[in-house]
Structure formats: structure tokens, C-alpha cells
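This report refers to the structure that appears directly beneath it.
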Amino acid sequence: MKLLVVIANYKVAHLTIECLHSLAAEIGQVPGTHVAVCENGTGDDSAQRIQTAIDENGWNSWCTLTTLNTNLGFTGGNNVILRPALASADRPEYVLLLNADTIVHANALRRLVDFMDEHPQVGIAGSRLQYPDGVPQRSAFRFHSVWSEFESSICFGPVSRVLNRWIVAVPVPDRACAVDWVGGACMIVRGAVFDGIGVLDEGYYTHYEDVDFCFNARKAGWAAWYIPESRVTHFVGQSTGLTVKNPKRFPPYFFGARRRYFLKNHGPYYTALADAGLICGLVMWRLQVLLGKRDWTPPHFLYDSIRNSVFITGFKVKDVENPAFAVATKSRSTQSEDSACANKGVK
């Protein structure tokens, strides 16, 4: 197998089917390509709808569907496909992690594969992601740091100019270039990278798993590159609901992922500095809002950042709680309480 494309679907079966339509036109560009879809525990008729689309469109020769009963998150859903594929006799040379809410443009796969073939020292590469109107998204990045946490939260021009070299999202490059990490919405990985660092870290539910993977690949000696000639439309946040146009309160798993990334990769002291930088920047931003600036932050962001910082939660590296497991646990607990009350004759 030359290329394995892995797609984890959660609550976006219609977008997954559109993504497969876009891939259908590109399969022939890279001989030896297979697409594996994981229906990641949506709990409705999503699996049936995707399988019907595969059957009716004649995609069975290059596309297969795996169905889960429980949502394992982005990392778990992808790893369900990755582990057996990497252990198989027909092991893929490359793996493309592709979001379900994407549309692959003409030659996008071929340009990624050609680049990887020509640059054996590169372990990871990412496409240019863009909005449906063609406007490019920031999808080439520097690693997070204490200074980047402060700069991104204070959002003050003079500070950003001084700390420019630490800003995480670099201006959209117009040519291929080396970067620290690329967005996981469309990320090709050389199979050999998994040999050194393993599959995605399931301690993350979603968020920060892509930067974590690229960070550990860098430590293992693998470079990451951004390839703007490969273009992919990304609808952004369709599974999580966290979109630019829908600035709702960030869920606990976002803050848990951020905390895990810093503690796991940089240790407790650096994480404390990063949390302090973020909180101080947000406090200064609130002062700017009081003076008349329009507030860009999600609801309760300062409060949630403090509540989820290491100063409150501690310095132990923890797995991010999977919301699906939390709901199931709460449901079982409620049922047990109801049963106990019934046995005691309590109404």
C-alpha cells in the first residue's frame, strides 16, 4: 500500500460522504491508495449512510468502513485504523490523517506523496487548508511557548511585534517550507515515523494531538513541512461545534489537552510559566475590553483558564476525560442512585 487515508467521522456523515466524493476523483492519481473510514460512535444511522454511499458509488475497491459503538475521540478513532494497518503485511508507506469536514482539491494527494518521495528526511507534511470561499486558513505553525501564550492572550499590537518570533500561527506561506507543526486536518505521515514514536496519544480526546505528534516526531529527528501546492477545503469545527462564527464556551477537554501537552512535553515549571503567561495576558486583555475594545474571547475564557491551570488542577500529567465516557459514568451513577432509592422505598 502506498497511501492509507484515515478519516474519523463523528456527527458529520454528510460531510464524510462529500469528502469521499472528492477523494474518488483523486484515487487514481496515487496508485496503491486505500481510504479507511472510522464511524466514531455517533450513535445514529451514520454508519449505514456512509456504507450505503460506498456501495452505491462503487467505492468498495478502495474504501472500507469500521464502526465503533463509543466515541473514542479523534485520537482513538484514528488509532483503531492505524494499529492494524501498521502491523499488517501490506503496511502503508504513508498515512494521511484527513478530517471528515474537508474537501480534497485536484492533485492534493499526489503533490503530498510526490513531495514525501522526493524528501526522505521529512516525516510529516501538511496541505494548505482554506475556507469554502478560498481564503487560506492558518495551517503552518510554531510550537507553543511561554511567550506565545502571553502574546496570544493579550492581543496587543506592540507586544505582538516584540514577540513576533514566538507567534504560533505564522503568516500563510506561498511556497513549501519547513515548519514546527502542521494542522491535523490534513497531515501526511511517513510510516517510519510511527515506528519511532508510536500512534496518536490517546491521552488526548481532541485538540493538541497534532502539535504533540509533530513535537515528538521532531525530537525523533523528523522534519515537518507545509506544502501549499496541495490544497484542501476545511469547514472547521463541524464535529466539535467550535467555530469562528460560533464562539461558545470552550469545553473542559480543550483545557485538559492544553495542560497535558505542556506538562507532558515541557514539565511542571515551564507549564506553570505558560499558565501564568496566559492568565496575565487575559487579565490585561480584559482591561482593554473595559476601555472599549471588542471582546474576541469565548465566554468565561479567563475564568476557565484559571480553573484549569496547574495552579488549581496540579502538576500531574493526566489523560483528558472523554466526554462520552463521562456521560456514560454519570448515567450509570444516576441509575444506581435511583435503584438504591427504590430499594429503600424512597420516591
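Bear in mind the structure is a predicted one, so any value in this text is a computation, not a measurement.
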Legend entry - Distance, nearest 0.5 Å, that separates CH2 of W147 from CD1 of I167: 13.5 Å

Inset, instruction - Measure from the ring center of Y261 to the ring center of H266 and say whether it is less than 6.0 Å. - result: yes

Inset, instruction - Write down the atom of C38, the atom of I81, and the distance for their closest heavy-atom approach. - result: CB-CG1, 4.1 Å

Inset, instruction - Please assess L23 against L98 for the test side-chain contact (heavy atoms from CB on, under 4.5 Å), listing each intermediate value before the final yes or no. - result: CA-CA 11 Å; L23 285 167; L98 184 65; 4.0 Å; yes

Legend entry - L68 CG to T42 OG1 distance, which is reported to the nearest 0.5 Å: 9.5 Å

Inset, instruction - Please tell me if the side chains of I188 and L3 come closer than 4.5 Å, counting only heavy atoms from C-beta onward. - result: yes

Inset, instruction - Taking the six-membered ring for Trp and the single ring otherwise, decide whether the centroids of Y253 and Y208 are under 6.0 Å apart. - result: no

Inset, instruction - May I ask you to decide if L200's main-chain N or O and T75's side chain share a donor-acceptor pair within less than 3.5 Å? - result: no

Legend entry - Basic-acidic side-chain contact under 4.0 Å: D212, R260: no

Inset, instruction - Please collect all side-chain hydrogen bond (donor to acceptor under 3.5 Å, both in side chains) contacts where either partner lies in residues 175-198, sequence neighbours excluded, each pair once. - result: R91-D195, Y94-R190, D180-R218

Inset, instruction - Might you point out which heavy atoms bring S153 and G281 nearest each other, and give the distance in Å? - result: OG-CA, 3.2 Å

Inset, instruction - Consider only side-chain N and O atoms of T16 and N9, and report whether a donor and an acceptor are under 3.5 Å apart. - result: yes

Legend entry - Centroid-centroid distance, Y226 to F115, less than 6.0 Å: no

Inset, instruction - Please lay out, stage by stage, how F150 and V159 fare under the test side-chain contact (heavy atoms from CB on, under 4.5 Å). - result: CA-CA 9 Å; F150 179 68; V159 171; 3.9 Å; yes

Inset, instruction - Given ring-ring contact (aromatic ring centres under 6.0 Å, His included), test F301 with F255 step by step and report yes or no. - result: CA-CA 10 Å; F301 195 58; F255 297 97; 5.7 Å; yes

Legend entry - Among N107, L112, V113, side chain to side chain contact (heavy atoms under 4.5 Å, CB included) partner for R110: N107

Legend entry - Carboxylate-amine/guanidinium proximity below 4.0 Å for D114 and R111: no

Inset, instruction - Find the distance between NE2 (H21) and CD (E18) and round it off to the nearest 0.5 Å. - result: 5.5 Å

Legend entry - Heavy-atom closest pair, residues N40 and L72: OD1-N, 3.0 Å

Inset, instruction - Just grab all the salt bridge (Lys or Arg N to Asp or Glu O under 4.0 Å) pairs involving residues 116-128, residues at least two apart or on different chains. - result: K2-D117

Inset, instruction - Please report the shortest heavy-atom distance between T102 and C19, naming the atom on each side. - result: O-CB, 3.2 Å

Legend entry - More than 12 heavy atoms of other groups within 6.0 Å of N69 CG: no

Legend entry - Considering all heavy atoms, the nearest H34-T64 contact: NE2-OG1, 2.9 Å

Inset, instruction - Not counting sequence neighbours, list each pair that qualifies as a side-chain hydrogen bond (donor to acceptor under 3.5 Å, both in side chains) and has a residue in residues 157-168. - result: E151-S160

Inset, instruction - Just do the side-chain contact (heavy atoms from CB on, under 4.5 Å) check on W59 and I27 with the steps written out, would you? - result: CA-CA 10 Å; W59 298 335; I27 293 298; over 6 Å; no

Inset, instruction - Establish, from distance only, whether the side-chain atoms of Y270 and N265 form a donor-acceptor pair under 3.5 Å. - result: no

Legend entry - Contact summary for A169 and F141, nearest pair of heavy atoms: CA-CD2, 3.7 Å

